[in-house]
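Here the structure is laid out as structure tokens; the discussion comes afterwards.
We name chains A, B, ... by the order of the sequence lines, and we start the count at 1 in each one. Treat the numbers as computed from the prediction; the structure is a model and nothing was measured.
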Amino acid sequence: MPELPEVETIRRGLAGPITGRTIKRIRIVDPRVVKAPGPAEFVRLVTGRRIVGLRRRGKYLCLDLEPAGHLLVHLKMSGRLLHRRLSKKAGARVPTGLGHLLLFLDDGFLLYYHDTRRFGGFHYRTDDPFPALALGPEPLDPDFSPARWRRILVGRQARIKSLLLDQQAVAGLGNIYAAEALFRAGIRPDRPAGSLSGAEAGRLYRSMRAVLKEALAAGGTSIQDYRQADGRSGLFQVSLRVYGRRGEACPCCGVPIKACREGSRTTYFCPGCQH
DNA sequence: CATGGGACCTGCCAGC
DNA sequence: TGCTGGCAGGTCCCAT
Ligand SMILES: [Zn+2]
């Protein structure tokens with residue numbers, strides 16, 4: 001589910017409230033969301049640590065801990081990272097089913113992870129995990145230039161849609177925003193990446209950044225599972241132009257949106273607008 | 001090396 | 001109404 005705009009929305013919502021807080025207590029409700037190390041060791045390592053930062057790289061989040069350690073988090077398809085005040089009433093209990101991993105903070109708030117499909121979860125790492133992730137550039141970074149984007153495309157025969165999904169080429173796009181960026185740029189998803197002209201590469205650079213920025217401003221795209229850290233839905237789903245709109249009239253030319261399988265994933269595009 | 005398919009899981013929804 | 005199959009925002013692993 002969550003792509004760059006969703007993960008960054010969560011980061012922005014959480015960074016202020018949880019920075020400086022100490023993790024008082026941990027409850028692992030479903031051990032499948034604790035990826036490493038084992039549950040007992042995870043609790044031992046993380047309990048009592050203070051959160052001093054929350055960073056994002058691609059679709060990953062990292063909670064930096066003091067005096068040492070990091071929590072690497074990936075939401076995969078259905079993960080939610082949420083934050084709420086706990087009831088102060090004596091004997092009040094955390095509602096069952098609230099989350100699969102609960103981190104009780106020292107200010108009376110709960111930081112918790114819920115993942116319907118259990119694909120995502122937490123890794124404890126001694127060292128900063130980001131340098132080892134082998135991810136491509138951040139598309140919204142100031143030093144991600146059109147020239148750098150062109151260098152990524154040159155000579156690549158992979159289909160452009162696959163390349164947009166390749167986190168080692170550029171980090172943070174997923175199935176929704178890859179389709180939306182290609183639609184806005186007027187480029188068919190099955191074109192070989194290296195076959196794009198300079199003008200097409202430039203259009204894709206601009207449309208990729210534009211759609212990510214607009215989605216971020218809207219708090220992300222909520223279809224099923226994604227929520228902001230305070231539980232609210234994102235709003236960008238109403239602004240999607242092709243994703244999930246098979247058979248609907250293209251907002252630009254009126255031709256029905258087509259869907260095809262690209263690998264094992266559905267790709268949406270307009271046969272009238274994209275060439 | 002690049003590409004494709006399956007695995008990992010659960011829930012939802014369309015269609016019968 | 002109730003069941004069934006297909007499908008879902010991601011990534012990893014293995015076979016070809
Ligand atoms: Zn069109």
Enumerate the residue pairs fulfilling ring-ring contact (aromatic ring centres under 6.0 Å, His included) with a member in residues 153-194 of chain A, sequence neighbours excluded, ordered by first and then second residue. none
Please determine whether a side-chain nitrogen or oxygen atom of A:Lys59 lies at a distance below 4.0 Å from atom OP1 or OP2 of C:dG9. no
Pairs meeting criterion ring-ring contact (aromatic ring centres under 6.0 Å, His included) with involvement of residues 233-253 of chain A, two or more places apart: A:Tyr243-A:Tyr268
Taken to the nearest whole Å, NZ/A:Lys76 to P/C:dA8 is 18 Å
Does OP1 or OP2 of C:dT11 have a side-chain N or O of A:His74 closer than 4.0 Å? yes
With a centroid cutoff of 5.5 Å and a plane-angle limit of 30°, would you call A:Phe119 stacked on B:dC8? yes
Specify the separation, in whole Å, of atom CZ of A:Arg246 and atom P of C:dG6. 14 Å
To the nearest angstrom, the CG-P distance between A:Leu173 and C:dG10 comes to 9 Å
For the side-chain contact (heavy atoms from CB on, under 4.5 Å) test, which of A:His83, A:Arg27, A:Arg84, A:Arg80 pairs with A:Tyr112? A:Arg84
Roughly how many Å apart are B:dC9 and C:dC13, using the P atom of each and rounding to a whole number? 15 Å
Would you indicate whether A:Lys258, at its atom NZ, is surrounded by more than 12 heavy atoms from other residues, nucleotides or ligands within a distance under 6.0 Å? no
Can you name the residues that form a side chain to side chain contact (heavy atoms under 4.5 Å, CB included) with A:Arg159, not counting sequence neighbours? A:Ser162, A:Asp190, A:Glu262
Looking at A:Arg57 and A:Glu138, is any side-chain nitrogen of the basic one under 4.0 Å from a carboxylate oxygen of the acidic one? yes
May I ask you to verify if any side-chain N or O of A:Arg261 is less than 4.0 angstrom from the OP1 or OP2 atom of C:dG6? no
Rounded off to whole Å, could you give me the CZ-to-C1' distance for the A:Arg80 and C:dG9 pair? 13 Å
What does nucleotides 10-16 of chain B look like as a protein-contact string, B for base, S for sugar-phosphate only, - for none, at under 4.0 angstrom between heavy atoms? BSS----
Annotated structure of DNA chain C as dot-bracket, pair cut-off 3.5 Å, Watson-Crick or G-U only, | for inter-strand, is .|||||||.|||||||
Distance in angstrom units between A:Leu81 CG and C:dG9 C1', rounded: 16 Å
Between A:Asp115 and A:Lys76, is there a side-chain N and carboxylate O pair less than 4.0 Å apart? no
Answer with base, sugar-phosphate or nothing: what part of the nucleic acid does A:Tyr177 contact at a heavy-atom distance below 4.0 Å? nothing
Taking the same atom, P, in B:dG5 and in C:dG6, what whole-Å distance lies between them? 16 Å
How far apart are the C-alpha atoms of A:Phe269 and A:Lys161, what are their side-chain angles, what is the distance that settles it, and do they pass the side-chain contact (heavy atoms from CB on, under 4.5 Å) test? CA-CA 11 Å; A:Phe269 69 101; A:Lys161 165 82 182 318; over 6 Å; no
Nearest-Å distance once atom P is located in both C:dC7 and B:dG6: 13 Å
Can you tell me how far C1' of C:dG10 sits from CD of A:Gln168, to the nearest Å? 14 Å
Using a strict cut-off of less than 4.0 Å between a Lys/Arg side-chain nitrogen and an Asp/Glu carboxylate oxygen, indicate whether A:Arg148 and A:Asp141 qualify as a salt bridge. no
Honestly, is A:Arg55 close enough over A:Phe130, meaning NZ or CZ under 6.0 Å from the six-membered ring centre and within 45° of the axis? yes
Distances under 3.5 Å between protein N/O atoms and the N/O atoms of nucleotides 2-4 of chain B, please, pair by pair.
from  : atom 1 : to       : atom 2 : distance (Å)
B:dG4 : OP1    : A:Arg159 : NH2    : 2.9
B:dG4 : OP2    : A:Arg159 : NH2    : 2.8

Between A:Arg261 (side chain) and A:Ser264 (backbone), is there a donor-acceptor pair under 3.5 Å? yes
Quick one: A:His123 NE2 to C:dT11 P, roughly how many Å, whole number? 12 Å
What is the distance, to the nearest angstrom, from the CZ atom on A:Phe122 to the P atom on C:dT11? 17 Å
Using the rule side-chain contact (heavy atoms from CB on, under 4.5 Å), only one of A:Leu54, A:Leu101, A:Ile10, A:Leu63 pairs with A:Val73; which is it? A:Leu63
Using a cut-off of 4.0 Å on non-hydrogen atoms, how would the nucleic acid contact of A:Phe236 be classed: base, sugar-phosphate, or nothing? nothing
